[in-house]
Amino acid sequence: MKKTDDQILVIFGASGDLTERKLIPAVFDLYCGGFLPEHFAVTGVSRSEYSDEAYRQKVVFENEFILKKEAGEDKLKAFADAIFYQPLDTKNTDSYNTLKQRLQTIDEAKGICGNYIFYLATPPSLYETIAEGLSHVGLNKAENAWRRLIIEKPFGYDLESAKQLNSKLLACFDEEQLYRIDHYLGKETVQNMFVTRFANSIFEPLWNRNYIHRVEITAAESVGLEKRGGYYDSAGALRDMVQNHLFQLVALVAMEPPVKADAESIRNEKMKVFQSLRPYTKEDIKTNVIRGQYLGSKVRGEDLPGYREEEGVKEGSKTETYVAMKFFIDNWRWGGVPFYIRTGKRLPTRVTEVVIHFKPNHHHLFAHDKSLSNAHNTLVIRIQPNEGILLKFDMKIPGAGFRTETVNMDFHYDELTDVYVPGAYERLILDCMQGDATLYSRGDSTESAWQFVDTILKAWEEDDIPVYGYPAGTWGPEHADNLIEGENMTWRYPCKNLTDDGNYCEL
Ligand code: NDP
Ligand code: BG6
């Protein structure tokens, strides 16, 4: 097991939603799992006034995401003792000296020796300000100790702002100190894609344009805005899900085998994928990128509002809640293989999966049944829920002749019942504590992903590309079906359970 140095985790945005729902519970899980170092503290920072005790009450003793773990009073108390709070307005430059002194006091009391992580969970408009404030009082560097900065998404609003953010952060911290978080990379199943491809000898020889017909990635959500209308309406699905989470999945599917399984080698290969994305022209965007917005509808007896009726959404908003697109990766491995990705809110179910469609047989020996002779083998890598892997291939139906039928071979993660699966934030925070940036995004690849997305955003701004409405609870605008060309070819319509698909399933 890697060593975790003694350290303080400083969370900016300590009174906010992310801290309460994800960050403190993740640190608590690390504590319960025995992963925290002997000398450790969390220091929460935001403008709201709390004493240490009042803050512990809020984020530990009254936090439903901690309480539901039913860990017992002693554990809660011992964990809470490591939590401190410093009220502070990060826009006020002088306040960073107050923070520095407070951290020194906590550091000395706990015997920590100067290692600090600064986690930015504030509105993104403050990221540069905080980095500059920390640098101003010398909290960005230390002799004989390390300093790291975790930056929450969104990392920029477009290519220009992402570049600007990168350059401002790099003026205060070195790239090695920066940890740009993408929680999809913390998911066990996402990491397992890397292992599935590179630990086995059966998949990689087929993993190229000679054998793969197309790649399909779906990240569907059944929820709507969940009170995040203010943020979402100025972001939209392309910025919220595609530029980061979906492109990270694309990179893992498409990358070349890295020289080593370390951060630099893996990030170098992912970067090459982003560099190989074939740029869209405006005409391409019209036909290859479909955007949609959900409309009010009755779903399982419940009346769901349309996007424009949601709180925080501007009247007549054209923000997309659904995106589907087709694109190509112009390199030796993937030349000519279309990639189809889609994501949306208020779709029929919550499911994220990667589907590899293999090319049909070169010679149709059992071609008497036309529909089957064209059958494609598929490999489904299910990220969530019902995590697992499904392989679909043809078998003989018992009896006379050679009639075939597609059957399933499947593996489910929950069969590994004795293995503890850490949550995404838990895994990523521990990696940062241990100085491992493998599962964090590097600045240059973030910019490359933005470069691709930026062209789409600019084309959409011109306003002659339609936003299609789709009723909440459906699979998005039907125009997205036309992206996939070819007879009998369509998206996989997944169900809650990995092995089910088609029209009749549990959602
Ligand atoms: P919230 O609005 O709930 O929290 C924002 C936090 O920032 C509050 O603690 C607020 O505290 C603090 N803050 C605002 N202004 C200042 C200031 N001038 N000085 C000091 N503190 C300040 O946002 P979320 O927790 O939802 O999101 C935080 C970040 O995480 C955002 O960038 C978001 O995009 C990202 N994120 C959030 C996710 C989520 O599920 N919530 C998911 C993925 C990313 P106070 O008002 O007390 O100062
Ligand atoms: C977040 C987006 O990054 O990811 C949300 O801001 C989205 O809009 C969420 O709901 C999806 O994450 P998960 O882990 O539930 O698939």
Side-chain angles (χ1 to χ4, degrees), residues 10-26 43-50 54-55 58-59 65 85-93 95-96 98-99 118-130 133-134 150-157 165 180-190 217-249 307 310 312 319-323 343-347 349-353 382-385 387 423-425 427-428 441:
V10 185
I11 304 179
F12 288 91
S15 60
D17 173 72
L18 185 71
T19 303
E20 184 164 328
R21 271 193 319 119
K22 300 282 185 189
L23 306 187
I24 297 289
T43 304
V45 178
S46 46
R47 289 169 305 183
S48 306
E49 289 290 337
Y50 292 104
Y55 186 64
K58 169 181 161 59
V59 295
F65 300 97
Y85 184 79
Q86 179 61 47
L88 190 145
D89 185 348
T90 52
K91 285 186 181 156
N92 176 358
T93 327
S95 62
Y96 291 89
T98 315
L99 176 65
F118 301 104
Y119 196 125
L120 307 191
T122 61
S125 54
L126 292 176
Y127 294 167
E128 297 169 14
T129 315
I130 297 174
L134 292 171
I150 303 184
I151 306 111
E152 256 301 338
K153 66 164 283 225
F155 194 87
Y157 184 75
L165 178 56
R180 297 170 193 79
I181 202 162
D182 184 312
H183 79 278
Y184 264 56
L185 291 175
K187 292 180 192 276
E188 267 305 314
T189 39
V190 172
I217 301 180
T218 294
E221 294 187 89
S222 52
V223 293
L225 290 195
E226 293 185 303
K227 306 205 174 90
R228 292 173 72 215
Y231 151 75
Y232 194 89
D233 201 39
S234 59
L238 191 64
R239 290 188 178 93
D240 187 49
M241 291 292 290
V242 177
Q243 186 275 338
N244 36 58
H245 307 325
L246 265 78
F247 275 8
Q248 288 298 331
L249 295 180
Y307 176 73
E310 300 271 19
T319 298
E320 77 290 356
T321 59
Y322 175 97
V323 183
T343 183
K345 295 212 182 270
R346 287 276 187 240
L347 300 188
T349 190
R350 174 180 184 250
V351 61
T352 303
E353 64 179 27
R382 179 60 79 91
I383 310 294
Q384 61 191 18
E387 292 80 357
Y425 275 95
R427 168 70 203 264
L428 291 172
S441 311

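When a ligand or atom number is given, it counts from 1 through the structure's own listing order.
Looking at Y184 against ligand 2, only its side chain comes within 4.0 Å, counting heavy atoms.
Each of the following atoms of ligand 2 lies closer than 4.0 Å to a heavy atom of D240: 2 (C), 5 (C), 6 (O), 8 (O). Interface of R228 with ligand 2, defined as ligand atoms under 4.0 Å from a residue heavy atom, comprises 2 (C), 5 (C), 6 (O), 8 (O). Listed by number with element, the atoms of ligand 1 under 4.0 angstrom from any heavy atom of R21 are 39 (C), 40 (O), 41 (N).
Within the 4.0 Å heavy-atom shell around ligand 2 one finds R350. Between Y231 and ligand 1 there is no heavy-atom distance shorter than 4.0 Å. The shell of residues lying under 4.0 angstrom from ligand 1, judged by heavy atoms, includes L88.
The nearest protein atom to atom 10 (O) of ligand 2, hydrogens excluded, is given as E221 OE1, 2.5 Å; this is a heavy-atom distance. Annotation: atom 14 (O) of ligand 2 to nearest protein heavy atom, K187 NZ, 2.6 Å.
Within 4.0 Å of atom 2 (O) of ligand 1, not a single protein heavy atom is present. Counting only heavy atoms, the protein never gets under 4.0 Å from atom 23 (O) of ligand 1.
The distance criterion of under 3.5 Å between nitrogen or oxygen atoms is met by G13 with respect to ligand 1. For a threshold of 3.5 Å applied to N or O pairs, the pair formed by K345 and ligand 2 contains at least one separation below that value.
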